[in-house]
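Since the structure is predicted, the reported quantities are computational estimates derived from the model, not experimental observations. Throughout, residue positions are numbered sequentially from 1 according to the sequence presented. Just so you know, these numbers use all the heavy atoms, side chains as well, and skip hydrogens, waters and symmetry mates.
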Amino acid sequence: NWRVNYDSQAKADFRDINSALADSRVTDGDTLFLNLGTRLTSSQTISKAVTVIGPGYFIGENDADEAYLSADLYITADDVKVTGLHTSSIYIRANNAVVERCRVIGNIYGTGNYENDNASIRSCFLTNTQIQGHNGDGALGWEILNNIFYQFQYSGMSIRDIQEAVISHNLFYKPDCQEVMYETYNSTFTNNILLIGSYQFNCGYLSSGNIFSHNILRNSLGDYPNNTTISFDSRF
C-alpha cells in the first residue's frame with residue numbers, strides 16, 4: 001500500500017500517480033491511496049495493474065475533501081481499478097478496467113486502436129459525461145451499471161460506439177438531449193430510468209441485436225430537480 005498526496009507536508013510516499021508508477025517498488029497488485037484533499041493538476045497515467053483509491057465524492061457535500069484530478073487520467077495497463085476519485089476525462093487503453101464510485105466531469109473514452117475490452121463503469125456520478133468506445137476493434141463487453149448520468153448542460157448522446165455491452169440500472173437525467181445511445185450494437189439496455197425532458201427516447205442509428213426491457217421513461221420532469229430543501233445526493 002502506498003499513500004499519495006501532492007502536499008509535501010503530508011509526508012506521503014509519492015506526490016502524484018505518475019511518480020508512484022515510475023518507481024520500481026510499486027508493482028502489479030499494489031494499492032495507491034489518495035489522501036483527502038489531494039489535488040493533481042497534470043495528466044496522470046496508470047501504467048501498472050494497481051488499484052487507486054480516493055476518499056469518495058460529496059463527502060459531507062464538501063468538495064475540499066475529495067481527491068481531485070483536474071487533468072486527464074489515462075489507463076494503459078490491464079486490470080486497473082480506480083474508485084472514490086473526482087476526475088476529468090478518463091481514457092481507457094487496456095482491458096478489464098474498472099471505474100467505480102467516481103465523480104467524472106469529463107468523458108470516458110475507449111477510442112483509438114487499443115485493446116480495451118471488458119471495461120466496467122459502475123456506481124459513478126457522471127456530470128455531462130459521454131461514454132464513448134471504439135466500434136472497430138475495441139470496446140467489447142463493457143458493463144455500464146448503476147450510474148447517474150446528470151447531463152444538465154449536455155445535449156449529445158450518453159453512450160456511443162460500443163458493442164456487446166450490458167447497460168443496466170442507470171439513471172439518465174437529460175433535460176435537453178439527443179440520443180441516449182448512438183451506434184451501439186448487440187447490447188442489452190435494461191432496468192434503466194430515463195428523465196429526458198421534451199424529447200422522446202431516441203436510440204438513433206442502432207443496428208439489430210440490441211435488447212431493451214424494463215426501462216422507465218419520464219419525459220415530463222416538472223419541478224423535481226429544483227427542490228433545494230434536501231441535499232443534492234438525496235434528490236437522486
**Request:** Taking atom types as modelled, find out whether D79 and N96 have a side-chain donor-acceptor pair closer than 3.5 angstrom.
**Result:** yes
**Message:** Ring-plane angle category for Y91 and Y74, please: parallel below 30°, perpendicular beyond 60°, tilted otherwise.
**Reply:** parallel
**Message:** Using modelled atom types and a 3.5 Å cut-off, is there a donor and acceptor pairing between side-chain atoms of N170 and backbone atoms of N147?
**Reply:** yes
**Item:** Residues I131, W142; criterion side-chain contact (heavy atoms from CB on, under 4.5 Å); working and verdict
**Value:** CA-CA 10 Å; I131 296 177; W142 284 33; 3.7 Å; yes
**Request:** With the side chain counted from C-beta on, respond yes when I121 and V104 share a heavy-atom pair under 4.5 Å apart, and no when they do not.
**Result:** no
**Asked** Is a donor on one side and an acceptor on the other found under 3.5 Å between the side chain of D28 and the backbone of K48?
**Response** no
**Message:** With a 6.0 Å cut-off (strictly less than), is the heavy-atom count around OH of Y68, excluding the residue itself, greater than 12?
**Reply:** yes
**Request:** Mark yes or no for whether S168, through its side chain, and T190, through its backbone, hold a donor-acceptor pair below 3.5 Å.
**Result:** yes
**Message:** Could you tell me if the side chain of M181 sits less than 4.5 Å from the side chain of F172, heavy atoms only?
**Reply:** no
**Request:** Evaluate side-chain contact (heavy atoms from CB on, under 4.5 Å) for Y6 paired with L40, printing each intermediate quantity in order.
**Result:** CA-CA 7 Å; Y6 195 77; L40 303 181; 4.1 Å; yes
**Asked** Is a side-chain donor or acceptor of D30 paired with a backbone partner of T27 at a separation under 3.5 angstrom?
**Response** yes
**Prompt:** Pick one: which of L126, T87, I159, I144 meets side-chain contact (heavy atoms from CB on, under 4.5 Å) with I108?
**Reply:** L126
**Prompt:** Are I167 and I162 side-chain neighbours, meaning at least one heavy-atom pair lies under 4.5 Å?
**Reply:** yes
**Asked** With no hydrogens and no angle check, is any side-chain donor or acceptor of N215 less than 3.5 Å from a backbone partner on S213?
**Response** yes
**Request:** For T129 and N107, indicate whether the former's side chain and the latter's backbone hold a donor-acceptor pair under 3.5 Å.
**Result:** no
**Asked** CZ of R101: more than 12 outside heavy atoms within 6.0 angstrom?
**Response** no
**Asked** Would you say E115 and D117 make side-chain contact, with heavy atoms under 4.5 Å?
**Response** yes
**Fill in**
Nearest heavy-atom approach of A71 to S88 is O-CB, 3.7 Å
**Item:** Smallest separation among heavy atoms of T45 and N18, with atom names
**Value:** N-OD1, 2.9 Å
**Asked** F212 vs F189 aromatic rings, parallel, tilted or perpendicular, using cut-offs 30° and 60°?
**Response** tilted
**Asked** Please walk me through it: do R122 and V98 pass side-chain contact (heavy atoms from CB on, under 4.5 Å)?
**Response** CA-CA 8 Å; R122 57 192 190 224; V98 175; 3.7 Å; yes
**Sub-4.5 Å side-chain heavy-atom contact between Q132 and D161** = yes
**Message:** Could you report the tightest heavy-atom contact between I92 and N116, atom names first, then the distance?
**Reply:** O-ND2, 3.2 Å
**Asked** With distance as the sole test, does Q130 use its side chain to make a donor-acceptor pair with the main-chain N or O of N128 at under 3.5 Å?
**Response** no
**Closest non-hydrogen atom pair, D78 against N95** = OD1-N, 2.8 Å
**Prompt:** What are the two closest heavy atoms between N35 and A10, and how far apart are they?
**Reply:** OD1-CB, 4.4 Å
**Request:** Return yes if some donor-acceptor pair links the side-chain N/O of E66 with the main-chain N/O of H86 below 3.5 Å, else return no.
**Result:** no
**Request:** Go through the steps to decide whether W2 and V50 satisfy the test side-chain contact (heavy atoms from CB on, under 4.5 Å), and finish with yes or no.
**Result:** CA-CA 11 Å; W2 306 96; V50 298; over 6 Å; no
**Request:** Please report the closest heavy-atom contact between Q151 and S158, naming both atoms and the distance.
**Result:** OE1-OG, 2.6 Å
**H134 and N113, any side-chain heavy atoms less than 4.5 Å apart** = yes
**Message:** For I105, is there any backbone N or O sitting under 3.5 Å from a side-chain donor or acceptor partner on T127?
**Reply:** no
**Prompt:** For the residue pair Y150 and F125, does the interplanar ring angle fall in the parallel (under 30°), tilted (30 to 60°) or perpendicular (over 60°) class?
**Reply:** tilted
